Each structure stands twice: as structure tokens, then as C-alpha cells.
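Structure, as C-alpha cells:
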Amino acid sequence: MTINIVETVRKVMGWCPQKDFGFMQAGDTKHRTGKHDFIAGYGDLQKKRREKVLVDVPVLDSGMIRILLPVWIIGFMLMIIVNHYSILDIFVVFAYYLAALLWVLQNRTTVELLSDKIIINRPFLRSLLIQKNEITKTQVIKNSSHTTRWILRLASLIMLVFLATHSINAIQLNIEQSLPMLRTIVNIFTMLLVTVWFAVMYYNFEIRTHYKAALNVVINKRQFMFYVDNPDEFSVMLQQTGEDTING
């Protein structure tokens, strides 16, 4: 009798064992989902803190001069002092190709925006640190590479084909002369060097033509150029003092 009364009261109040069980599951699921979302959100934040952004840094800050200048000086001295071909010539030519490769890789920059500083990370070279309070000017400027891209692209392609054709013809003549192996190898790689360096210059130009505008950041008379799809939004992010992220 007592049991029937209790059951009647529960039915009147709308209680159901499945609802109670469902409520317990929902509470547990909410707890677990909330924890999972927090961890996933934190992971996304950490991921977004460093994003790939193309940056042109001042020549004196780039570190490339420290690499290229010694190579050029040593190569020039060897051409004057050493009158015969040697294994050193191979190392010098290889150094020029290595410098060209490094020039290409310097386009793979990543940027971190922190509360008070900007970190520009570059392959094989030290990271550049910019303090936000040292920024004296930010300005969105028109990208001249994008404006003149079709004319310069056509001229560059014609020049590249001309250099490549000239290098191939010179290599064929060099091979037909039956010179010593060391001399032939040095000559072949030397003849290709101008074409390779021009191709690198064209590549650097081409990857910048995508952007209609760029953000010019001035720090103590040093100018950094950030190529992003939304330079206005990026400029605002540079002025913020909180923990920032870069979207794309």
C-alpha cells in the first residue's frame, strides 16, 4: 500500500527513472565535454600563436650579409690568387649555391605575437625580436610587385629563358672540349650559377605578387614589411597588448 502511494506521488510529479538516469548522464557528459573543449581550445591557441607570415626584414638585420659577404670575398680572392683549378673551386661554387638556397628558405618565416613583443622566426638564422613599445609607425602601403606583376613577370620569364638557353649552350661547348674532369665540373656549375640566382630572384618576386598591400612597420628607422591578406587587421593586432593570435 505504501509503495503504491509513493509510486503514485512520483508519477504525479513527473519523475521517471529514465529521465533521472538521462540527467545523470547529461551532467557527466557536460563535465567531460567542457574539459575536452578547454583542452582543445588551448591547443588551438598554442597552434595559432605561431603562423606562417612572409616578412621582409632590413638587410643589416637579416644576417644574410654575414653569410654572403665572406663567400663573395673568398671567391674573388681565389679567382685572383689561384690560377689553376683545384678542389677549393668546388667548395666556393657550392657555397654560392648554398647561399641561394638559404635565400629561398628565408621566405619561410613564422611570426609570434605576444603581449609585449613580436618574434620573427627564420630558418637557420636567429630569431628577430621586436618590442611593441618600440614601434614608431605602422602603415599599409600598396604592393608594387602586385601592381606591375604582369609586365615584370613577362620580362623575367623572357630573361630566365634567355639565361637558361645561354647556360645550356655554354655547357655543351664545354663538354665537347674534353677538358679535365675537375675543370669541367667547376665550369658547368659556374655557368649555371647566374641562371639559378636569377631564378631565385624571380621566385622571391613571384611569391609577393599575391598580396595587394603590405604592412610597413617602422622601428627605430628600421623597416619591416609584413605580407598578409588583411594588413589593416594585422596592424590592429600589433597595437594590442593582450595575448594575440594570427588568423591565417
Side-chain angles (χ1 to χ4, degrees), residues 52-111 119-129 144-145 148-149 152-210 222-227:
K52 183 179 178 181
V53 177
L54 180 59
V55 184
D56 286 341
V57 302
V59 176
L60 296 180
D61 293 331
S62 65
M64 293 291 291
I65 296 297
R66 299 189 185 96
I67 298 174
L68 298 179
L69 189 59
V71 172
W72 290 334
I73 294 176
I74 293 174
F76 182 73
M77 292 178 61
L78 287 175
M79 285 190 297
I80 296 177
I81 298 174
V82 181
N83 295 323
H84 61 279
Y85 286 82
S86 66
I87 195 67
L88 292 177
D89 294 302
I90 296 180
F91 285 105
V92 172
V93 175
F94 176 75
Y96 278 101
Y97 279 95
L98 188 61
L101 177 61
L102 184 61
W103 195 9
V104 172
L105 294 178
Q106 291 316 295
N107 294 298
R108 303 180 61 85
T109 52
T110 58
V111 173
I119 303 176
I120 302 175
N121 301 290
R122 304 168 301 163
F124 304 106
L125 295 175
R126 65 179 179 85
S127 299
L128 295 177
L129 180 64
S144 59
S145 298
T148 60
R149 63 189 184 281
L152 294 179
R153 183 179 293 167
L154 179 61
S156 299
L157 288 175
I158 293 175
M159 187 65 181
L160 185 59
V161 171
F162 171 78
L163 290 175
T165 303
H166 183 270
S167 298
I168 293 174
N169 292 334
I171 290 173
Q172 290 178 345
L173 292 175
N174 187 80
I175 294 176
E176 292 174 356
Q177 293 179 8
S178 300
L179 299 173
M181 180 63 67
L182 179 61
R183 183 174 179 179
T184 301
I185 293 175
V186 173
N187 287 343
I188 290 175
F189 282 97
T190 302
M191 293 170 183
L192 286 174
L193 193 57
V194 175
T195 304
V196 170
W197 271 84
F198 188 84
V200 171
M201 293 173 59
Y202 174 72
Y203 169 77
N204 290 339
F205 160 78
E206 186 65 29
I207 62 176
R208 287 161 174 79
T209 58
H210 167 73
R222 297 178 300 161
Q223 297 189 17
F224 295 80
M225 197 72 69
F226 292 82
Y227 295 89

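Starting from 1, each residue takes its place in the sequence as its number. Everything numeric in this text was worked out from a predicted model, so none of it was measured.
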(request) Over all heavy atoms of both residues, which pair between V53 and Y227 is shortest? Give the atoms and the distance, please. (result) CG1-O, 3.9 Å
(message) Please give me the minimum heavy-atom distance between R222 and P58, naming the atom from each residue.
(response) CB-CG, 3.9 Å
(message) I need the single residue from N174, V186, I185 that forms a side-chain contact (heavy atoms from CB on, under 4.5 Å) with L179. Which is it?
(response) N174
(request) Take atom CZ of F189 as the centre, draw a 6.0 Å sphere, and report whether it contains more than 12 heavy atoms from other residues, nucleotides or ligands. (result) no
(message) Less than 4.5 Å apart, side chain to side chain, heavy atoms only: is that true for T190 and Y96?
(response) no
(message) Please report the interatomic distance CG(L154) to CZ(R149), rounded to the nearest 0.5 Å.
(response) 13.5 Å
(request) Heavy atoms only: give me the nearest V55-F226 pair and the separation to one decimal. (result) CG2-CD2, 3.6 Å
(request) Would you please classify the geometry between the W103 ring and the W197 ring as parallel, tilted or perpendicular, with 30° and 60° separating the classes? (result) tilted
(request) May I ask you to decide if T184's main-chain N or O and N187's side chain share a donor-acceptor pair within less than 3.5 Å? (result) no
(message) Give me the atom names and distance for the closest heavy-atom approach of F224 to I120.
(response) CD2-CD1, 4.0 Å
(request) Find the distance between CE (M159) and CE (M201) and round it off to the nearest 0.5 Å. (result) 9.5 Å
(message) Keeping T195 on the side-chain end and L163 on the backbone end, is there a donor-acceptor pair under 3.5 Å?
(response) yes
(request) Keeping to residues at least two apart or across chains, list the salt bridge (charged side-chain N to carboxylate O under 4.0 Å, His left out) pairs with something in residues 152-175. (result) R153-E206
(message) Could you report the tightest heavy-atom contact between V196 and A100, atom names first, then the distance?
(response) CG1-CB, 4.4 Å
(message) Can you list everything that forms a salt bridge (Lys or Arg N to Asp or Glu O under 4.0 Å) with R208? Sequence neighbours excluded, please.
(response) D56
(request) Could you tell me the separation between the CG atom of L101 and the CD atom of Q106, rounded to the nearest 0.5 Å? (result) 9.5 Å
(request) Calculate, to the nearest 0.5 Å, the distance between atoms CG and CZ belonging to N121 and R108 respectively. (result) 13.0 Å
(message) Contact between I175 and I188 at the side-chain level, heavy atoms closer than 4.5 Å - yes or no?
(response) yes
(message) I need the N169 CG to M191 CE distance, nearest 0.5 Å.
(response) 11.0 Å
(message) I'd like to check L182 versus I90 (side-chain heavy atoms, cut-off strictly below 4.5 Å). Are they in contact?
(response) yes
(request) Can you establish whether the number of heavy atoms outside F94 located under 6.0 Å from its atom CZ is more than 12? (result) no
(message) Strictly distance-based, threshold 3.5 Å: is any side-chain N or O of T109 a donor or acceptor partner for the main-chain N or O of R122?
(response) no
(request) Mark yes or no for whether S145, through its side chain, and F205, through its backbone, hold a donor-acceptor pair below 3.5 Å. (result) no
(message) Please find the pair of heavy atoms, one from N204 and one from I207, that lie closest to each other, and give the distance.
(response) O-CG1, 3.4 Å
